[in-house]
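In what follows, every heavy atom counts, from backbone to side chain, and hydrogens, waters and symmetry copies are set aside.
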Amino acid sequence: MELGGHWHMSSAPRLVSEIAEPQQERKTGTEAGAADSGAVRTRRFLLCLYLVGFLDLFGVSMVVPVLSLHVKSLGASPTVAGIVGSSYGVLQLFSSTFVGCWSDVVGKRSSLLTCILLSALGYLLLGAATNMFLFVLARVPAGIFKHTLSISRALLSDVVPEKERPLVIGHFNTASGVGFILGPVVGGYLTELEDGFYLTAFICFLVFILNASLVWFFPWREAKPGSTDKGLPLRKTHVLLGRSHDAMQEAATNRGARASKKAARPWVEVGLALRNMKNLLFSEMWDIFLVRLLMAVAVMLYYSNFVLALEERFGVRPKVTGYLISYSSMLGAVAGLALGPILRLYKHNSQVLLLHSSMLTCALLLLYSLAPTMGAVVLSSTLLSFSTAIGRTCITDLQLTVGGAQASGTLIGVGQSVTAVGRIIAPLLSGVAQEVSPCGPPSLGAALALVAIFIMSLNRPHSSGDRNGKLKSE
């Protein structure tokens with residue numbers, strides 16, 4: 001009995017460990033398998049979202065290049081055509097922030113479906129427009145609800161970790177850019193057919209319906225936030241300005257209180273969200289949005305008289321200039337694929353990458369303004385395609401880093417509103433600058449880019465090492 005008891009006491013732990021080890025191995029293997037499966041599901045969801053971006057710009061770019069020709073065929077004067085064109089930008093200006101905030105309140109799926117379907121209605125009406133009244137009426141739904149790309153970018157920020165966000169948004173921009181390259185080719189071919197514009201608008205409507213079907217059948221259960229620390233939206237220090245942590249925390253508390261009011265009606269919540277975001281946007285993020293506005297206007301000035309300037313300076317025919325524009329668009333799409341290696345080179349520091357890309361953009365705008373030969377123009381256009389594509393991705397990433405994932409739709413919507421302001425300002429500045437010289441608009445663009453660089457240099461954090469340490473600790 002004594003020997004038996006001794007054997008039992010000494011062997012029991014060994015038996016338990018022998019049984020536990022296989023169980024632990026099975027548990028570890030199960031967890032690893034679940035992680036791999038989750039990564040595959042997330043990847044599948046991202047690919048679906050990339051396809052949404054491609055189809056969106058593919059459909060739009062079939063119609064937009066031929067809108068001016070259709071307006072002219074309806075008998076509108078150039079002044080009326082200009083007013084109609086500006087009305088779309090004005091609608092986008094006032095609706096971007098509201099729709100973005102609304103997507104944060106009601107959810108990305110509902111808002112994305114609604115925007116796609118109402119935009120499809122707008123293009124269907126456009127295909128049926130036989131006079132200017134119907135044409136203007138058809139532009140209203142698209143002007144208010146054509147925010148598919150903005151909501152998609154906000155959704156991307158919700159489902160991927162912060163470190164991967166610039167790369168994923170870059171890939172999304174690449175997919176959208178490919179659609180923008182192919183769309184005009186298809187639209188130009190269809191327009192040459194009998195009643196070609198109406199056919200093009202109807203096909204655009206069908207593309208949007210296809211996109212809505214894709215969103216409806218999305219694997220939404222597979223879309224899970226990639227990083228729980230994004231629930232602390234205003235504690236990030238990866239920003240342009242040395243932020244006040246207390247002020248950010250107070251803003252985060254206010255937004256958290258707003259989110260806790262579950263019984264509030266959606267439209268009331270939208271109003272509360274916009275009001276609570278006001279202090280953040282204008283006290284904590286003013287420099288980011290000012291830089292976005294300046295760089296957007298600078299690039300728009302470059303494109304504003306591109307065809308006319310090359311014809312006057314070098315005698316280049318518009319057809320050849322069109323090839324150069326298509327070439328630049330293709331390079332801009334490819335730039336999204338190059339973001340991965342570039343971000344690793346910069347250790348995922350979007351702020352420094354934005355500063356350097358803005359410096360390159362400023363230098364290239366100046367080079368284009370002073371270019372003595374077409375070779376210098378081609379060189380500047382080639383590098384500008386990369387610098388501007390990278391800059392757009394970095395400024396979006398900075399907005400989301402400062403504002404946080406809880407308000408991703410609102411932040412991207414505000415950014416789109418800022419860009420819409422640029423679309424209103426740029427033609428006016430371009431007209432004034434072009435009175436002086438064909439090189440006036442890009443020269444003014446270089447000056448505005450220089451101001452943006454100056455703002456970024458003044459508002460850089462004093463210690464990048466401390467910033468990175470805080471990011472890692474969080």
Side-chain angles (χ1 to χ4, degrees), residues 42 46 49 53 96-97 99-105 107-108 111-112 147 149-173 176 223-241 243 248 251-252 255-256 259 273-274 276-277 280-282 284-293 295-296 336 339 343 346 348-355 357 389-419 456 461 467-468 470-471 474:
T42 301
L46 293 179
L49 207 53
S96 294
T97 302
V99 171
C101 183
W102 174 61
S103 72
D104 289 330
V105 173
K108 300 296 188 297
S111 56
L112 192 58
H147 299 291
L149 298 182
S150 300
I151 298 176
S152 298
R153 291 189 183 99
L155 182 56
L156 285 174
S157 72
D158 292 342
V159 301
V160 298
E162 182 177 317
K163 187 177 180 180
E164 299 177 8
R165 187 170 58 208
L167 179 61
V168 171
I169 292 179
H171 290 168
F172 178 80
N173 291 340
S176 304
K224 297 181 180 179
S227 162
T228 56
D229 63 354
K230 290 194 293 184
L232 302 173
L234 299 177
R235 294 183 60 191
K236 307 300 180 187
T237 53
H238 188 97
V239 295
L240 287 174
L241 192 62
R243 312 294 183 191
M248 290 183 179
R255 288 208 324 225
L274 289 172
N276 290 334
M277 287 294 295
L280 172 67
L281 297 178
F282 293 101
E284 302 294 341
M285 299 180 66
W286 66 270
D287 55 343
I288 295 177
F289 288 113
L290 181 56
V291 166
R292 183 184 184 110
L293 176 62
M295 294 305 299
L339 265 176
L343 282 170
Y346 278 83
H348 296 272
N349 192 331
S350 297
Q351 175 213 342
V352 176
L353 181 55
L354 174 64
L355 178 61
S357 67
I390 292 171
R392 283 195 302 268
T393 302
C394 290
I395 197 69
T396 301
D397 181 59
L398 280 175
Q399 289 174 206
L400 295 170
T401 300
V402 179
Q406 289 184 355
S408 56
T410 305
L411 291 166
I412 292 180
V414 173
Q416 293 301 313
S417 294
V418 170
T419 304
M456 283 187 278
R467 182 191 65 210
N468 293 336
K470 289 180 181 179
L471 283 171
E474 292 179 358

Is any side-chain heavy atom of [X] closer than 4.5 Å to a side-chain heavy atom of [Y]?
X: Arg165; Y: Leu400; result: yes
X: Phe172; Y: Leu149; result: yes
X: Asn349; Y: Leu353; result: no
X: Leu112; Y: Ser152; result: yes

Identify the two heavy atoms, one from [X] and one from [Y], that lie closest to each other, and give their separation to 0.1 Å.
X: Ser357; Y: Ile390; value: CB-CG2, 4.3 Å
X: Gly413; Y: Ser96; value: O-CB, 3.1 Å
X: Pro166; Y: Leu343; value: CB-CD1, 3.5 Å
X: Leu354; Y: Cys394; value: CB-CB, 3.8 Å
X: Leu46; Y: Val168; value: CD2-CG1, 4.2 Å
X: Thr97; Y: Ser417; value: OG1-OG, 3.1 Å

Separation of Gln351 CD from Tyr346 OH (nearest 0.5 Å):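 Reported value, rounded in 0.5 Å steps: 12.0 Å.
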Could you list the residues that satisfy side-chain contact (heavy atoms from CB on, under 4.5 Å) with [X], not counting sequence neighbours?
X: Ala389; result: Ala335, Arg392
X: Arg292; result: Ile395, Thr396, Gln399, Gln416, Val418, Thr419
X: Ser103; result: Lys108, Ser111, Ile151

Residues Asp397, Ile169; criterion side-chain contact (heavy atoms from CB on, under 4.5 Å); working and verdict: CA-CA 8 Å; Asp397 181 59; Ile169 292 179; 5.5 Å; no
